[in-house]
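Read the structure below first, then the notes.
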Amino acid sequence: MTAAQESELLAQVPDLLFIGGDWVDSTSGRAIEVHDPSTGLVIKTIADASVADGARAVDAAVAAQDGWASTAPRVRGEILRGAFDLLQKRADEFAMLMTLEMGKPLAEARGEVAYGGEFLRWFSEEAVRIGGHYGVNPEGTGRMIVTHLPVGPSFLITPWNFPLAMATRKIAPAIAAGCTAIVKPAELTPLTTLYFAKLLEESGLPKGVLNVVTTSTSGEVSAPIIADPRLRKLSFTGSTPVGVRLLKQAADNVLRTSMELGGNAPFLVFEDADLEKAVDGAMLAKFRNVGQACTAANRFIVHESIAEDFAARVTARVTQFTIGRGTEEGVGIGPLINEDAVSKADTLVRDAVARGARVLTGGSAVEGIGTFYEPTVITEVQAGSDILREEIFGPVLSIVTFTDEADAVAKANDTEYGLVSYVFTRDLARGQRLVESLQTGMMGLNVGVVSNAAAPFGGVKQSGLGREGGAEGIGEYLETKYVLTPDPFV
Ligand code: NAD
């Protein structure tokens, strides 16, 4: 895409709030400047919602709720399927938009369009499979009916790292289930959600079913929405500290909640692993999205007998990466989202090195324009290093060793997080043992990426509550209703 085409694309993205089916200006008098992290330049200025705008969005979602809940599931599904089809036609535009506002390499942005789109297709199919059951009660005196109804107006808060997929993973099941929604995208990457709302509008989504509020004052605007007694559900993806705060707010209103929070994924390589496959998996699990994924492998826990070989092999691959603006073909490492992210990765590496780790490649921020950090491998990371406890969220591969399976499991579970784990072994029985002993909601057994719209994504411990995707995903937006009727024969 040329610079002129980039500007043309950005001009098509709405710069207003989407409330009740209308594109409206905010009442705050402020604006949000969206930056390209690879240049630092402002690429678009959009509306910055006020508390009053948030309240308007709730009004719109509440007004549309009954009509949407009584819309035939097939119709709801067809709208999602139409959106899926339209997204395929606009795949290049959405990919470019994400690369511009978030920085990820274009090839990865295309991958996210494919992944994010699958939630539309999957939930278009799930919309017509919302089941229930009917049966005789044990006493034989009545008939028990169990049905599933939409939870009601839902508030969806998304992060910046997967601007499309994190939105579709919430919006699609909400729409499929018959819930209306207010979406609040991250202020760093709001453009993809705005453009996606426009796509849903074109796909025939009725007014008010989806509302978008973009704001730079997330806490201030969100708190009254969460406290509104008409709201029934909060679904959040983001960091654990913010998730904890929102759970406390949601408790006051006894909201249904889904929380997709932070991770600290262990990546275990056993002595019997196919080492080349483990290296392939490591590259994906670590460097996808420039390391800015909740599922990113954060701690490589490698058997002591192969750690040196593994480290040498990953280092050989890492040194081949091209760093640059994500819009350029062949770039594998784009910028991090902002200066804070660069300084966090750098601080973690410096702490590890000060405690005895060795840098095999990288280890510094890239000087010049944009917020780039070198793809890095560090080894001999010592217990107690911050990098083993905190989410790196950057392109830093950090290696520790283990002696036996019990040691590997103890090290892997030594974290308050529990989103995903990766295991490379050729021993089937060991793989099966680890399915049960690793405290994570998901596991990649000899693979480096697990995400799939058809699978239940989510974590245990402080990585969250609930699941997105799969058969479970729509259940997060459904309430169970039980009805008893008398025995019709007496
Ligand atoms: P963040 O918690 O800073 O922000 C997430 C969202 O919450 C943004 O939209 C932000 O504007 C909003 N927010 C922040 N403070 C708020 C408040 N007080 N009230 C209401 N909303 C508020 O996280 P981030 O930096 O955008 O994303 C990175 C984090 O997200 C990482 O921890 C990552 O692991 C996690 N994440 C988790 C998953 C998952 O599925 N488990 C997926 C992607 C990202």
Side-chain angles (χ1 to χ4, degrees), residues 32 34 37 48-49 51 54 101-102 104 112 115-116 119 155-170 182-190 192-193 212-227 231 234-250 255 257-265 288-298 336-338 340-341 344 389-394 415-420 440-442 449-453 455-470 473 476:
I32 300 175
V34 183
D48 187 354
V51 170
E101 70 172 337
M102 187 272 169
K104 70 180 71 193
E112 183 176 343
Y115 170 55
F119 290 100
F155 187 30
L156 317 177
I157 303 180
T158 58
W160 53 263
N161 59 343
F162 290 97
L164 180 68
M166 296 302 97
T168 55
R169 207 164 77 172
K170 297 187 190 303
I182 305 122
V183 183
K184 194 211 77 59
E187 57 271 40
L188 294 168
T189 59
T192 304
T193 303
V212 183
V213 286
T214 50
T215 179
S216 64
T217 52
S218 294
E220 208 180 296
V221 171
S222 300
I225 297 178
I226 295 167
L231 192 78
L234 169 65
S235 178
F236 170 77
T237 298
S239 62
T240 297
V242 174
V244 169
R245 188 180 318 161
L246 295 179
L247 272 172
K248 288 178 183 163
Q249 292 177 18
L255 292 181
T257 55
S258 305
M259 293 277 145
E260 298 286 352
L261 308 178
N264 181 3
R288 197 170 63 103
N289 223 34
V290 201
Q292 302 168 114
C294 53
T295 51
N298 215 53
L336 294 184
I337 189 70
N338 56 21
D340 286 352
K344 180 172 185 199
R389 261 190 312 110
E390 291 183 28
E391 257 188 312
I392 307 168
F393 245 60
T415 169
E416 70 270 29
Y417 294 109
L419 190 59
V420 62
T440 57
M442 301 177 286
V449 179
V450 297
S451 305
N452 192 303
F457 187 105
V460 299
K461 295 159 81 177
Q462 293 204 18
S463 286
L465 303 167
R467 295 293 181 268
E468 291 188 322
E476 301 277 318

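Whatever order the structure lists ligands and atoms in, that order sets their numbers, starting from 1.
- Residue-level proximity to ligand 1 for Met166 is carried by the side chain, the only part with a heavy atom below 4.0 angstrom.
- When heavy-atom distances to ligand 1 are checked against a 4.0 Å cut-off, Thr295 has no atom that comes that close, whether in backbone or side chain.
- Protein heavy atom closest to atom 2 (O) of ligand 1, with residue, atom name and distance, is Ser239 OG, 2.6 Å.
- Atom 15 (N) of ligand 1 has as its closest protein heavy atom Val242 CG1, 3.6 Å.
- Near Glu187, the atoms of ligand 1 lying under 4.0 angstrom from a non-hydrogen atom of the residue are 10 (C), 11 (O).
- Listed by number with element, the atoms of ligand 1 under 4.0 Å from a non-hydrogen atom of Leu246 are 19 (N), 20 (C).
- Checked by distance only, ligand 1 and Asn161 stay at 3.5 Å or farther apart across all their nitrogen or oxygen atoms.
- Contact check for Lys104 versus Pro163: side-chain heavy atoms found under the 4.5 Å cut-off.
- Of all the listed residues (Arg467, Glu260, Glu391, Met442), Glu391 holds the heavy atom that lies closest to atom 34 (O) of ligand 1.
- Atom numbering of ligand 1 starts at 1 in the shown order; those under 4.0 Å from a heavy atom of Gly219 are 17 (C), 18 (N), 19 (N).
- With contacts defined as side-chain heavy-atom distances shorter than 4.5 Å, the pair Thr237/Ile157 does not qualify.
- Under the 4.5 Å side-chain criterion, counting only non-hydrogen atoms from C-beta, Thr215 is in contact with Thr217.
- Annotation: the span from Thr240 atom OG1 to Lys461 atom NZ amounts to 12.0 Å, rounded to 0.5 Å.
- When each of Asn264, Asn298, Val460 is checked for a side-chain contact (heavy atoms from CB on, under 4.5 Å) with Tyr417, only Asn264 meets the rule.
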Evaluation steps, side chain to side chain contact (heavy atoms under 4.5 Å, CB included), between Phe236 and Val242: CA-CA 9 Å; Phe236 170 77; Val242 174; 3.5 Å; yes
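- In terms of protein heavy atoms, atom 26 (O) of ligand 1 is closest to Trp160 CD1, 2.9 Å.
- Atoms of ligand 1 lying under 4.0 Å from any heavy atom of Arg245, numbered from 1 in the order shown and given with element: 18 (N).
- Interface of Pro159 with ligand 1, defined as ligand atoms under 4.0 Å from a residue heavy atom, comprises 26 (O), 27 (O), 43 (C), 44 (C).
- Using a 4.5 Å heavy-atom threshold, the side chains of Leu188 and Asn338 count as touching.
- Taking any N or O of Phe162, backbone or side chain, none lies under 3.5 Å from an N or O belonging to ligand 1.
- At the shortest separation from atom 40 (O) of ligand 1 among protein heavy atoms lies Arg169 NH2, 2.8 Å.
- When all heavy atoms of Ser218 and Ser222 are compared, the pair lying nearest together is O-OG, 2.7 Å.
- The contact set between ligand 1 and Leu419, taken as ligand atoms under 4.0 Å from a residue heavy atom, comprises 41 (N).
- Figure legend: cation-pi geometry between Arg467 and Phe457 absent, as NZ or CZ is not positioned both under 6.0 Å from the six-membered ring centre and within 45° of its axis.
- Nearest protein neighbour of atom 21 (N) of ligand 1, counting heavy atoms only, is Ser218 CB, 3.7 Å.
- Judged purely by distance below 3.5 Å, without hydrogens or angles, the side chains of Thr214 and Lys184 never pair a donor atom with an acceptor atom.
- Looking at every heavy atom in both residues, Gly238 comes nearest to Pro159 through CA-CB, 4.4 Å.
- Residue-ligand proximity, Pro185 to ligand 1, at heavy-atom distances under 4.0 Å covers atoms 9 (O).
- For ligand 1, the polar-atom distance check against Thr237 finds no nitrogen or oxygen pair separated by under 3.5 Å.
- Of the protein's heavy atoms, Thr158 O, 3.3 Å lies nearest to atom 8 (C) of ligand 1.
- Looking only at protein heavy atoms, the nearest one to atom 7 (O) of ligand 1 is Phe236 CE1, 3.2 Å.
- Among the atoms of Ser463, none of the N or O lies under 3.5 angstrom from an N or O of ligand 1.
- Residue Phe457 approaches ligand 1 through these ligand atoms, each under 4.0 Å from one of its heavy atoms: 39 (C), 40 (O).
- Side-chain contact of Glu476 with Ser258: a donor-acceptor pair under 3.5 Å is present, judged by distance alone.
- Taking CD1 of Ile337 as the start and OG1 of Thr189 as the end, the distance is 6.0 Å to the nearest 0.5 Å.
- From the protein, the heavy atom lying nearest to atom 33 (C) of ligand 1 is Phe393 CZ, 3.3 Å.
- Nearest heavy atoms, Ala265 versus Thr295: CB-O, 4.1 Å.
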